[in-house]
Amino acid sequence: MRLGALTLRSSAALLLPASKPPSRRFLRPLRSPEKRFRKMTTMAAAAEAARVPPAVQLPPPPVTKFKIALCQLSVTEDKERNIVHARKAIEEASSKGAKLVLLPEIWNSPYSNDSFPIYAEDLESGGDSSPSFKMLQEAAREFRVTIVGGSIPERTGDLLYNTCCVFGSDGQLKAKHRKIHLFDIDIPGKITFIESKTLTAGQTPTIVDTEVGRIGIGICYDIRFQELAMLYAARGAHLLCYPGAFNMTTGPLHWELLQRARAADNQLYVATCSPARDTNSSYTAWGHSTLVGPFGEVLATTEHEEAIIVAEIDYSLLELRRTNLPLGKQKRGDLYQLVDVQRLNNNNN
């Protein structure tokens, strides 16, 4: 083709000598619609087989946008003061428009094996035997907010658990999560802590439908186990909440890293809430409560002091990010599988 004095040639003509016939790679026939369909069907089947049972479809959330509050609280040895202090934080969060309030891990007690038995509450009995539980229940109802109540030591018979209670805005208990993975670590010269000296591990993953979406619950060390987050994602979670108290050794290295990894891998929101740092306590928390979006982006965070972080969650971004990166449709169930034992057993019964 001539354009003025300039002659243009096709790229194929430029690449191939005129004396040789075109290469077979330029004559490869288009894939037939039947073959394309079979390939797409095979890919879809492989993706579905990657979760056993198959992943549930992401449910439409009850709200698209709302505000979440992360209440990074100072914790003292005075349990009554801790309870009053947490209630004031919930009230302040509500006044700032929060519809979901997240509290820290072990907010009513010092974080130590010596303290857990002393500060533990019988949540089944309620009333005066569980003042922390009672306060959360009343605050949720009074301020019309959903509360993921951090965690407190729970006593059941001779057993102690690290337990998170979730309350609806009507004050009703919607779920109770007992920490599944106990914090037993030994980093010589840095930190040694053996939670299993006093606490018992929970046996059940916890996912709960609330007025602000479907939430998967983990406590601190639970965040290190990506299988739990994957399981929650396969059950249709919009948001994962992890009250946690990482320390001054693992906090700087892993706290934000793990949150962003859980969010990016599963393409959902992750919210964490730590106690504020107290350098005079036997266990020093890292702080840095954070909200992470479904692209692994940090949306809101703070330092180590007391703070109430209020940020917006926009669930419309879940579908957007899953369209940008269709990871759920690209999983290889022919090579690996995530088995949700609880759902599988329920389906077989």
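Quick caveat, the model's predicted, so the values are computed rather than measured.
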Among side-chain atoms of Ser129 and Asp122, is any donor-acceptor pair under 3.5 angstrom?
no
Identified salt bridge (charged side-chain N to carboxylate O under 4.0 Å, His left out) counterpart of Asp209 within the set Lys174, Arg235, Arg214
Arg214
Side chain to side chain donor-acceptor pair (under 3.5 Å) for Ser132 and Asn108? Distances and angles first, verdict last.
CA-CA 7 Å; Ser132 303; Asn108 71 342; 2.9 Å; yes
Would you please test Phe143 and Glu138 for side chain to side chain contact (heavy atoms under 4.5 Å, CB included) and show each step?
CA-CA 8 Å; Phe143 303 123; Glu138 292 176 350; over 6 Å; no
Do the side chain of Glu306 and the main chain of Leu73 share a donor and acceptor less than 3.5 angstrom apart?
no
Consider only side-chain heavy atoms of I, L, V, M, F, W and Y, link residues closer than 4.5 Å, and tell whether Val292 and Val101 are in one cluster.
no
Tyr119 side chain vs Glu77 backbone, donor-acceptor pair below 3.5 Å
yes
What is the minimum heavy-atom distance between Leu123 and Ser130, and which atoms define it?
CD2-OG, 3.2 Å
Please tell me whether Tyr221 and Glu105 have a donor and an acceptor in their side chains that are separated by less than 3.5 angstrom.
no
Heavy-atom pair with the smallest gap, counting every atom of Ile219 and Tyr242:
N-CD2, 4.2 Å
Linking Ile, Leu, Val, Met, Phe, Trp and Tyr through side-chain heavy atoms less than 4.5 Å apart, which residues share a cluster with Val310?
Ile308
Do any side-chain atoms of residues 297-304 form donor-acceptor pairs under 3.5 angstrom with protein atoms, and if so which ones, sequence neighbours left out?
unit_1	atom_1	unit_2	atom_2	d
Glu297	OE1	Phe295	N	2.8
Thr301	OG1	Ser289	O	3.1
Thr301	OG1	Thr290	OG1	2.8

For Val145 and Ala98, which heavy atoms make the closest approach, and how far apart are they?
CG1-O, 3.3 Å
Output yes when a side-chain donor or acceptor of Gln72 lies under 3.5 Å from a complementary backbone atom of Pro104, and no otherwise.
no
Would Arg178 and Thr156 count as having a side-chain donor-acceptor pair, cut-off 3.5 Å?
yes
Test item: side-chain donor near acceptor, Asn346 and Arg343, under 3.5 Å
no
Which heavy atom in Phe193 sits nearest to a heavy atom in Ser112, and how many Å separate them?
CZ-CA, 4.1 Å
What about the rings of His181 and Phe225, do their centers lie closer together than 6.0 Å?
yes
Report all side-chain donor-acceptor pairs from residues 86-93 shorter than 3.5 Å, counting only partners two or more places apart or in another chain.
unit_1	atom_1	unit_2	atom_2	d
Arg87	NH2	Glu142	OE1	2.3
Arg87	NH2	Glu142	OE2	3.4
Glu92	OE2	Lys96	NZ	3.1

Going from OH on Tyr315 to CG on Leu58, what distance comes out if it is rounded to the nearest 0.5 angstrom?
9.5 Å
Residues Glu121 and Arg155 bridged, charged N to O under 4.0 Å
no
Any chance the side chains of Thr76 and Asp78 put a donor and an acceptor closer than 3.5 Å?
no
Do you know the tightest heavy-atom contact between Thr163 and Lys176?
CG2-CG, 3.3 Å
If I compare all heavy atoms of Leu318 with all of Pro294, which pair ends up nearest, and what's the gap?
CD2-CB, 3.8 Å
For Asn82 and Ser109, does a side-chain donor sit closer than 3.5 Å to a side-chain acceptor?
no
List for me each residue that meets ring pair (Phe, Tyr, Trp, His ring centres under 6.0 Å) alongside Phe246, sequence neighbours excluded, and say none if there are none.
Trp255
Considering only distance and modelled atom types, tabulate donor-acceptor pairs under 3.5 Å from the side chains of residues 325-332, sequence neighbours left out.
unit_1	atom_1	unit_2	atom_2	d
Arg332	NE	Asp334	OD1	2.8
Arg332	NE	Asp334	OD2	3.3
Arg332	NH2	Asp334	OD2	2.6

Restricting to pairs with a member in residues 261-288, which pass side chain to side chain donor-acceptor pair (under 3.5 Å), not counting sequence neighbours?
Gln259-Thr272
